[in-house]
Protein chains: 2
Amino acid sequence: MTDPTAAWAALMRVHATLVPALDRELQRTHGLPLTWYDVLAELDEAPHRRLTMGDLGDVAMVSRSRVSRVVDELVDAGLVTKESNPADGRSAYAVVTTQGRRRLRQARPSYLAAVERGFTANLSIREAETVARALGKVLAAGGPDD
Amino acid sequence: MTDPTAAWAALMRVHATLVPALDRELQRTHGLPLTWYDVLAELDEAPHRRLTMGDLGDVAMVSRSRVSRVVDELVDAGLVTKESNPADGRSAYAVVTTQGRRRLRQARPSYLAAVERGFTANLSIREAETVARALGKVLAAGGPDD
DNA sequence: TGTCTCTGTGTGCGTCAGCACGCACCCGGG
DNA sequence: CCCGGGTGCGTGCTGACGCACACAGAGACA
């Protein structure tokens with residue numbers, strides 16, 4: 001209980017058990033790998049539903065280099081298009097297509113339900129808020145430490 | 001703030017940023033991949049400092065099949081030995097060697113310090129306890145849900 | 001304009017992960 | 001005795017991942 005790393009250990013275990021379950025769920029019900037869902041969700045809530053590859057790599061949970069490949073796959077699937085940035089010839093925007101948004105809207109309930117079943121349902125409101133706030137602080141400080 | 005998945009999203013992000021940092025730290029300071037550390041730690045605190053491959057796969061954060069390869073690597077490195085179970089010819093025990101325990105003892109401070117810097121230091125005592133307890137409940141219920 | 005540096009991307013390559021499968025072994029019924 | 005099903009384990013194969021690098025464009029400066 002008083003083990004200072006208990007919280008961290010529990011976090012790793014929760015992640016290890018829940019992420020594969022979520023991935024399977026999404027893939028089974030909607031044919032969407034968790035990575036795709038994550039990228040689509042990030043793009044969907046971005047200013048003009050678009051993000052440069054670099055920004056996408058920063059905000060999503062995949063490395064900068066992996067973003068190129070995932071976006072390529074999404075383009076092949078018709079869920080995303082790539083547009084060039086007229087102001088910067090190097091930069092490339094990834095933009096969600098209407099089909100991509102539709103797939104995202106269809107998949108979101110499953111995702112939320114799975115998170116609810118495997119995570120939120122086991123927490124009280126206060127606990128969920130505390131966890132979110134605490135981990136938010138970790139993230140805010142997470143930049144320089146490592 | 002009231003987003004019910006905020007806690008989960010934060011958890012995934014914390015994991016995504018902290019785990020690679022931890023792995024690098026361990027590998028740089030002691031030449032131990034995080035997977036090795038995890039397996040060694042689990043074995044070290046097991047009843048007779050030994051665990052069958054299956055149990056190890058359940059308790060550690062690697063899949064059952066991956067355990068075989070990791071343990072083989074640890075055996076090659078002299079940190080673990082494999083003993084046969086006289087009561088069951090199929091079963092095989094992985095046992096930490098004294099050298100393995102020494103490496104673990106040497107690495108543990110670095111690991112704890114890294115967790116402290118990147119995680120615990122940003123939380124109050126009460127927050128850390130709440131997070132640990134809340135995630136513990138998730139784990140306890142984690143069996144049947146997925 | 002020419003050049004030097006910095007930044008945003010894409011990609012070849014090695015590593016690491018898990019799944020599906022096969023083998024060896026235990027155990028119970030006929 | 002044996003033989004069928006269940007279990008623990010190792011391994012071939014395939015996909016996911018990130019690092020290091022190469023390349024193109026942008027911007028500063030003379």
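Just so it is clear: chains get the letters A, B, ... in the order the sequence lines come, proteins before strands, and each one is counted from 1. Just so it is clear, the values below take in all heavy atoms, side chains as well, and ignore hydrogens, waters and symmetry mates.
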The correct set of residues in residues 81-90 of chain B placing a heavy atom under 4.0 Å from DNA chain C is B:Asp88, B:Gly89, B:Arg90
Would you say the side-chain atoms of A:His15 pair up with the backbone N or O of B:Leu11, donor to acceptor, closer than 3.5 Å? no
Quickly work out the B:Glu73 CD to C:dT15 C1' distance and round it to whole Å. 10 Å
Expressed as a whole number of angstroms, how long is the span from B:Asp76:CG to D:dG10:P? 13 Å
note: A:Asp58, atom CG; C:dT7, atom P; distance rounded to Å ~ 14 Å
Check whether B:Val80 and B:Val95 end up in the same hydrophobic cluster, where Ile, Leu, Val, Met, Phe, Trp and Tyr are linked by side-chain heavy atoms less than 4.5 Å apart. no
To the nearest Å, give me how far apart CG (B:Asp55) and C1' (D:dC9) are. 13 Å
For DNA chain C, determine which residues of residues 44-53 of chain A have any heavy atom closer than 4.0 angstrom to one of its atoms, and list them numerically. A:Thr52, A:Met53
Side chain of A:Ser65 - closest among D:dT11, C:dC13, D:dA20: D:dA20
Rounded to whole Å, how long is the line connecting atom CD of A:Gln27 with atom P of D:dA16? 8 Å
Mind checking if B:Arg64 touches a base, just sugar-phosphate, or nothing, with heavy atoms under 4.0 Å? nothing
Check the side chains of B:Thr52 and B:Asp55 for a donor-acceptor pair under 3.5 angstrom, ignoring hydrogens and angles. yes
Residues B:Thr81, B:Val75; criterion side chain to side chain contact (heavy atoms under 4.5 Å, CB included); working and verdict: CA-CA 6 Å; B:Thr81 55; B:Val75 168; 5.7 Å; no
Between P on D:dC9 and CG on B:Leu56, what's the gap in Å once rounded to a whole number? 9 Å
Would you classify A:Ser91 as touching base, sugar-phosphate or nothing, given that sugar-phosphate means primed atoms plus P, OP1 and OP2, and contacts are heavy atoms under 4.0 Å? sugar-phosphate
Quick one: pull up CH2 in A:Trp8 and CD in B:Glu116 and give me the separation to the nearest 0.5 Å. 13.0 Å
Pairs in or reaching into residues 94-106 of chain A: which pass salt bridge (Lys or Arg N to Asp or Glu O under 4.0 Å), with residues at least two apart or in two chains? A:Asp44-A:Arg101
Rounding to a whole Å, what distance do you find between A:Leu74:CG and D:dA16:C1'? 15 Å
Tell me, with the steps shown, if A:Lys82 and A:Arg50 meet side chain to side chain contact (heavy atoms under 4.5 Å, CB included). CA-CA 9 Å; A:Lys82 293 181 69 173; A:Arg50 73 189 53 203; over 6 Å; no
Could you state the CZ-P distance from B:Arg69 to C:dA20, rounded to the nearest angstrom? 15 Å
Do the side chains of A:Glu42 and B:Arg13 get close enough for a salt bridge, i.e. N-O under 4.0 angstrom? yes
Can you check side chain to side chain contact (heavy atoms under 4.5 Å, CB included) on A:Val115 and A:Thr120, steps first, answer last? CA-CA 6 Å; A:Val115 172; A:Thr120 321; 3.9 Å; yes
Would you kindly compare A:Tyr93 and B:Met61 by the position of their nearest DNA chain C nucleotide and give the one closer to the 5′ end? A:Tyr93
